[in-house]
Amino acid sequence: MLILGELLLLCTDTEHPKILITGGLGQLGVGLAKLLRRKFGKNNVILSDIRKPPNHVYHDGPFIFSDILDSKNLREIVVNNNISWLIHYSAVLSAVGENNVALAKEVNITGLHNILDIATDHGLRVFVPSTIGAFGPSSPRNPTPELCVQRPRTIYGVSKVHAELMGEYYHHRYGLDFRCLRYPGIISANSNPGGGTTDYAVQIFHTAVKTGCFECNLRSDTLLPMMYIDDCLRATLEFMEAPADSLLSRTYNISAMSFTPHDLVQEMQKVLPELKVTYNVDPVLQAIADGWPMVLEDIAARRDWGWKHEFDLSELVQTMLTHITTSNQRAQAN
Ligand SMILES: NC(=O)C1=CN([C@@H]2O[C@H](COP(=O)(O)OP(=O)(O)OC[C@H]3O[C@@H](n4cnc5c(N)ncnc54)[C@H](O)[C@@H]3O)[C@@H](O)[C@H]2O)C=CC1
Ligand SMILES: CC(=O)[C@H](N)C(=O)O
């Protein structure tokens, strides 16, 4: 006969999803693993990547090597660990992708095919993030609705539209529980961005605190949708938990705020009045940003599964500066 403790353990094990995060050592994966582990238990969330994790990540919970291009190995990991949710974070982002189209095609398209096939074969719930980069210059840019023309001009954007369409196709054709959010540019203090067009909005905080100045690679009036990482990760968890019958769509925009470099600098100068910012525009990045949404409309996410952001520009700036200043002080003290 089972004693109460064993019974409770069995219930928790069956109630909690067993989650694999691919590409987990990038800007977003470690934070998501922390959030999911808090909710579902440390051992129910496996972080994976093709790189060696820093010590604190290795000791925080299960980590394994997984190359999404090795479909046999990926399948073994899913089967051996009884995975039920797959969070597919591996990707080559917009700026890196324009410098290496072949790599972006392989990781973002071939890799995605492996993920969708394995998720379908094993009945997984699969999350694939899309991006504001899935829109292009012919999309309405202010605001950009959920459903509109999508003709991106980057390999990153093309591969993300492909992911949205393939995932929705697998959902309708094979019943795959595919879920996709179009993230804005994500701002985080403890993790670095992986080579995108919106990276300036993270780098500016670190450089400003360290040196008091910053050289921005986008024009001062470039309006783009952005979100603080805590909102992004919470949205991902809430969306994954949403009952399937509440989801009228499988791909949603999510939005929090839009700002230009000028707006961001003005807000930062309220705390760092001496901050000096100069502009040295990168024409490749500027052309990408000029084709992306200025404001993302997210009515459907708010209506269907209750999405609500918490951080606006002033909260973002205060939180980022507090985090960075505190961790710099801690590093200096050690
Ligand atoms: N960070 C952002 O502002 C936004 C991110 N997203 C999406 O969210 C997801 C996560 O983004 P980030 O963490 O910022 O990306 P990132 O570029 O920081 O990290 C991507 C990770 O993928 C890994 N990776 C590359 N090739 C791989 C392979 N063959 N097998 C397994 N892993 C591989 C890399 O080692 C890296 O750790 C991506 O799909 C990205 O497109 C979408 C919109 C905004
Ligand atoms: C918005 C994104 O998808 C990413 N941060 C990028 O700039 O490529």
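Whatever order the structure lists them in is the order used to number ligands and atoms, beginning at 1.
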* Mark yes when over 12 heavy atoms from residues, nucleotides or ligands other than Arg302 sit less than 6.0 Å from its CZ; otherwise mark no. => yes
Looking at [atom], what's its closest protein heavy atom, distance included?
| atom | answer |
| --- | --- |
| atom 38 (C) of ligand 1 | Tyr89 O, 3.3 Å |
| atom 43 (C) of ligand 1 | Tyr183 CB, 3.3 Å |
| atom 32 (N) of ligand 1 | Ser90 OG, 3.1 Å |
| atom 8 (O) of ligand 1 | Pro129 CG, 3.4 Å |
| atom 17 (O) of ligand 1 | Leu93 CD1, 3.4 Å |

* What atoms in ligand 1 come closer than 4.0 Å to a heavy atom of Asp49? ->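 Reading through ligand 1 atom by atom, the close ones are 21 (C), 23 (C), 32 (N), 34 (C), 35 (O), 36 (C), 37 (O).
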* Kindly indicate, with the supporting measurements, whether the criterion ring pair (Phe, Tyr, Trp, His ring centres under 6.0 Å) is fulfilled by His206 and His323. => CA-CA 10 Å; His206 294 278; His323 269 301; over 10 Å; no
* Any non-hydrogen atom of Pro184 lying under 4.0 Å from ligand 1? -> yes
* To do: Tell me, please: is Thr22 in heavy-atom contact with ligand 1, that is, under 4.0 Å?
  => no
Anything under 3.5 Å between an N or O on ligand 2 and a protein N or O? List each pair with its distance, or write none.
| from | atom 1 | to | atom 2 | distance (Å) |
| --- | --- | --- | --- | --- |
| ligand 2 | 3 (O) | Thr131 | OG1 | 2.7 |
| ligand 2 | 3 (O) | Tyr156 | OH | 2.7 |
| ligand 2 | 5 (N) | Thr198 | OG1 | 2.9 |
| ligand 2 | 7 (O) | Ser94 | OG | 3.4 |
| ligand 2 | 7 (O) | Thr197 | N | 2.6 |
| ligand 2 | 7 (O) | Thr198 | N | 3.1 |
| ligand 2 | 7 (O) | Thr198 | OG1 | 3.4 |
| ligand 2 | 8 (O) | Ser94 | N | 3.2 |
| ligand 2 | 8 (O) | Ser94 | OG | 2.5 |

* Do any pairs count as a salt bridge (Lys or Arg N to Asp or Glu O under 4.0 Å) and have a residue in residues 268-280, sequence neighbours left out, and if so which ones? ->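 Non-adjacent pairs meeting salt bridge (Lys or Arg N to Asp or Glu O under 4.0 Å): Glu267-Lys270.
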* Asked: Considering Arg182, Gln27, Met226, which one's heavy-atom position lies nearest to atom 1 (N) of ligand 1?
  ->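 It is Gln27 that holds the nearest heavy atom.
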* Select the closest option to atom 42 (C) of ligand 1 among Cys232, Ser130, Gly97, judged by heavy-atom distance. => Ser130
* Asked: Taking only residues two or more places apart in sequence or in another chain, which ones pass side-chain hydrogen bond (donor to acceptor under 3.5 Å, both in side chains) with Asn81?
  ->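 side-chain hydrogen bond (donor to acceptor under 3.5 Å, both in side chains) check on Asn81 returns nothing, list empty.
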* Asked: Sequence neighbours excluded, which residues qualify as side-chain hydrogen bond (donor to acceptor under 3.5 Å, both in side chains) partners of Tyr169?
  -> Arg173
* Pair Glu164 + Arg250: basic N to acidic O under 4.0 Å ->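 No, Glu164 and Arg250 are not salt-bridged.
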* Angle class for the Trp307/Trp305 ring planes (parallel below 30°, perpendicular above 60°, tilted otherwise)? ->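 Correct class here is tilted.
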* To do: Test Tyr200 against every option in Thr222, Thr207, Leu264 by the side chain to side chain contact (heavy atoms under 4.5 Å, CB included) rule and name the one that passes.
  => Leu264
